[in-house]
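Just so it is clear: chains get the letters A, B, ... in the order the sequence lines come, proteins before strands, and each one is counted from 1. Keep in mind it's a predicted model, so treat the numbers as computed, not measured.
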Amino acid sequence: MIAEVMLDLKTTQILSAYDYLIPDTLKGFLVVGMRVVVPFGSTTRVGLITGIKPTSLDATKSIIEPFDLEPLITKEQLHLIDYLEKQAMIPKHIAYDKVVPNVLKIDYTKKVHVLQRHLLKSPLLELLTKDHSVFQKTWMKHYHAFKTAESKKIISIETFIEQKKSIQMMISYEATDFKPKTPKQQALWHFLSTERTIDDILSEGYTKAMLKILIEQGSVSTKSIEKISTHRSWIAQDHKVLTTEQNQAIEDIATAFKTYQRFLLKGVSASGKTEVFLQLCRKLQQTNQQALIVTLDEALVEQMADYISPYLSVSKIHSGLTEQQKLDAYRAVQLGASDVLITTPFGMFTPFQSLGLIVADEAQDSIYLDYAKTVHGLDVLVERAKYHKVPLVYASATPPVQLLYDAQMGKLNWIELTEKVYQTEDDVIVVDMKKELENGNLSMLSKTLHEAISQTLRNRQQVLILANRQGYAPYVMCRSCGHVPTCEKCDTPLVYHKEKHKLKCHHCGYTIPPVYVCDACGSEKIKPVGIAIEQVESHIKMAFPRAKVSRLDADNTTKKGVYIDTIKAFKDKEIDILIGTQMISKGHDFDIPLVGILLIDSMLKAPTYLANERTYQLIRQTMGRAGRKQAGLSIIQTYQPNHFVIKTIQDESAFYEQELNRRMLAKNPPYTQLLTLVFRGKTSEQTEKAIQRLKQTVLARYSQFEIIGPSEYQQHTYKLMIKTQKRQDLSTLIEWIKKTYENPSLSISFYRYNDEV
DNA sequence: AGCACGCCGACT
DNA sequence: GTCGGCGTGCTC
């Protein structure tokens with residue numbers, strides 16, 4: 001018998017499966033989903049069995065030994081790997097890497113033992129101060145020296161293969177047939193007629209000493225079981241009265257239990273979507289079914305878990321947890337010990353004992369796409385919902401245009417929660433920044449916003465400022481000749497970072513100190529232009545010196561905890577003005593009267609058909625942060641007050657109608673299927689020729705495609721867009737291109753969901 | 001010639 | 001990810 005084994009190596013040059021002979025002793029024991037230790041080249045690796053078949057032409061080596069006693073991954077996960085391979089063009093072993101959590105992957109540690117210290121030469125002499133040490137990553141540059149020393153028997157290198165984190169075990173106790181004599185012992189013996197843990201026993205008031213006696217005389221047996229932990233808080237909660245709309249939404253979705261159906265739960269902030277999820281989860285729990293709730297980040301997972309854990313046992317997965325905690329959550333969900341898994345998109349592949357519902361919260365967010373631009377997380381969830389035959393609920397205050405279209409086509413059930421739990425009135429003011437300029441106000445804050453902030457601070461209340469940075473590049477420019485310093489490799493303008501006082505390339509990370517004299521003309525009039533969030537911050541700090549001002553953006557939140565701490569400090573009213581990028585617009589339950597929205601103009605001009613939708617969503621989301629518990633005011637500053645996105649900012653149906661119309665005229669999704677191809681070649685000329693040839697061949701061969709481009713957007717990197725009606729046509733085309741244009745000097749990437757790469 | 005280093009392709 | 005093959009370029 002032959003096993004198809006997929007190795008845990010992430011390089012694309014590795015095939016997705018290698019065939020190995022199954023030794024007679026392992027026949028019947030090995031099944032698909034188990035990992036095995038196999039020889040690979042000169043090394044030993046761990047691989048996953050993806051198939052078993054009678055014969056193979058390629059197999060030459062045998063499996064060394066099994067690594068697991070039972071399959072590591074479920075049939076569903078294998079199915080998802082297959083789905084990612086087929087639908088998203090991801091090689092199998094890379095799909096595996098996404099589906100299986102890091103903690104269950106293998107660490108290959110090497111230990112170096114010094115055999116003959118007197119023969120050690122530099123640099124090994126300095127590195128190997130101890131006779132036994134773990135091989136460090138930084139030693140890789142001396143790898144050759146290590147290998148030479150090993151062959152001369154001066155040192156020996158030993159490789160250890162182990163799983164990063166192991167499943168935690170604990171002991172369980174159960175009564176045997178042998179009845180003890182004393183009444184006290186009998187009481188414990190009866191208590192243990194069902195399996196109990198040590199915590200159960202101690203909390204009932206029994207002692208360890210008594211348990212020990214019973215074990216010794218054979219009245220109680222012990223065995224090792226997996227330790228599982230879930231979150232459940234027992235704090236009594238206020239009884240909540242649901243609105244008619246909430247009850248209706250719960251009923252609609254609950255009726256669809258056990259079938260695959262898609263819903264969109266549209267609700268503004270504070271409309272009580274979380275309560276709907278909770279009630280649905282409670283219904284499922286009564287029949288021992290579980291729910292998967294996916295949301296955006298650590299803070300939102302925690303917020304949701306706080307809401308649900310008083311009623312149900314919850315498992316959480318997000319980046320703020322330790323590896324062990326993530327593994328505990330993963331296992332608790334897999335074994336059915338928790339009712340709900342609340343996770344960031346990273347945890348969406350977690351296997352369930354009995355899945356009954358999937359919720360994709362904040363479904364408009366691009367994070368569902370971010371982790372790999374070829375797969376859409378929401379599509380993965382569709383696949384899981386179909387597999388389990390369960391409803392999939394998208395939740396969003398600002399649903400994507402695509403989903404509205406799906407609803408119009410009857411492919412999606414649209415449910416709207418209009419009632420705000422807190423009855424308040426919201427207001428929006430659009431400030432024309434061109435007029436501000438004409439009136440002599442050159443600062444980034446309009447008079448209107450400045451006054452509103454002053455007023456709010458005087459009332460001892462808080463302000464949230466959205467300073468979009470998407471599309472903004474605060475680059476450096478010479479005011480004399482117009483010269484802009486660019487990256488040596490990418491030829492793109494270097495972005496100016498005020499805090500770090502550096503010029504940085506956002507494509508490759510190339511960094512140089514700031515320039516004071518122009519390279520081109522020698523002028524000293526070279527200065528940063530454009531506006532960045534840091535400038536907004538320093539401006540506001542100057543304008544309101546007594547206010548406590550904090551800033552949140554991707555630059556200063558890389559350190560763990562900064563993001564969550566800042567959000568908490570704002571909620572606790574320790575910060576007066578919070579300035580942030582998109583990350584402050586999402587789902588947080590703030591209680592503030594004023595929101596300022598700045599710097600959205602470049603976002604409207606972003607070179608993608610999604611620009612209008614994204615800007616609209618960002619503004620609406622941010623507006624939603626104000627007026628949750630009191631009347632709210634949003635002030636939008638723009639140079640394009642007549643842009644339809646701004647004009648319709650308070651009239652959603654008008655926005656959707658106009659945007660859908662534009663998409664239809666421009667033949668953009670959802671009216672067409674879009675595929676973006678990115679080509680990277682060695683030279684521009686050859687690459688461009690190859691693309692032109694490809695374009696002509698496709699046009700001649702297939703009539704249903706419209707092709708736009710190619711355009712060079714980075715050095716030696718070209719973009720080509722292909723539009724068509726049927727999704728299946730694109731898959732066929734991709735297969736064909738891959739087969740026909742396999743060429744090491746030209747790399748082609750495919751992007752299905754984004755025209756902006 | 002002798003070897004150090006780096007790039008490339010194979011690994012079942 | 002690791003190794004061997006093979007070319008280049010430097011040193012004895």
Within the pair A:Lys147 and C:dC3, is there a side-chain N or O less than 4.0 Å away from OP1 or OP2?
yes

Respond yes when some side-chain nitrogen or oxygen of A:Lys110 is under 4.0 Å from OP1 or OP2 of C:dT2, and no when none is.
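Looking at the OP1 and OP2 atoms of C:dT2, one of them is under 4.0 Å from a side-chain N or O of A:Lys110.
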
Counting side-chain heavy atoms from CB outward, which of B:dC11, C:dT2, B:dT12 is closest to A:Thr43?
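From the listed options, C:dT2 comes nearest.
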
A:Ser42 side chain: which of C:dC3, C:dT2, B:dC11 is closest?
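The closest nucleotide is C:dC3.
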
Please determine which of A:Leu733, A:Ile734, A:Leu720 meets the side-chain contact (heavy atoms from CB on, under 4.5 Å) test together with A:Leu677.
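Passing option: A:Leu720.
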
In whole angstrom, give the distance that lies between atom [atom1] of [X] and atom [atom2] of [N].
X: A:Ile49; N: B:dT12; atom1: CD1; atom2: P; answer: 17 Å
X: A:Ile64; N: B:dT12; atom1: CD1; atom2: P; answer: 12 Å
X: A:Phe135; N: C:dG1; atom1: CZ; atom2: P; answer: 13 Å
X: A:Ile22; N: B:dT12; atom1: CD1; atom2: P; answer: 17 Å
X: A:Leu48; N: B:dT12; atom1: CG; atom2: C1'; answer: 16 Å
X: A:Phe40; N: B:dC11; atom1: CZ; atom2: C1'; answer: 4 Å
X: A:Asp8; N: B:dC11; atom1: CG; atom2: C1'; answer: 14 Å
X: A:Leu9; N: C:dG1; atom1: CG; atom2: C1'; answer: 5 Å

CZ on A:Phe40 to CD1 on A:Ile64, rounded to 0.5 Å:
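Reported to 0.5 Å precision, the distance equals 12.5 Å.
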
For the CG atom of A:Leu84 and the CD atom of A:Glu383, what is their distance to the nearest 0.5 Å?
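It is 9.0 Å, given to the nearest 0.5 Å.
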
Regarding [X], tell me which of base, sugar-phosphate or nothing describes its non-hydrogen contacts under 4.0 Å with the strands shown.
X: A:Ile14; result: base
X: A:Leu21; result: nothing
X: A:Tyr20; result: sugar-phosphate

Say whether, by atom type as modelled, one donor and one acceptor occur between the side chain of A:Asp107 and the main chain of A:Thr109 under 3.5 angstrom.
no

Is it the case that more than 12 heavy atoms not belonging to A:Gln136 sit under 6.0 Å from its CD atom?
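Counting neighbours around CD of A:Gln136, more than 12 heavy atoms of other residues, nucleotides or ligands fall under 6.0 Å, so yes.
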
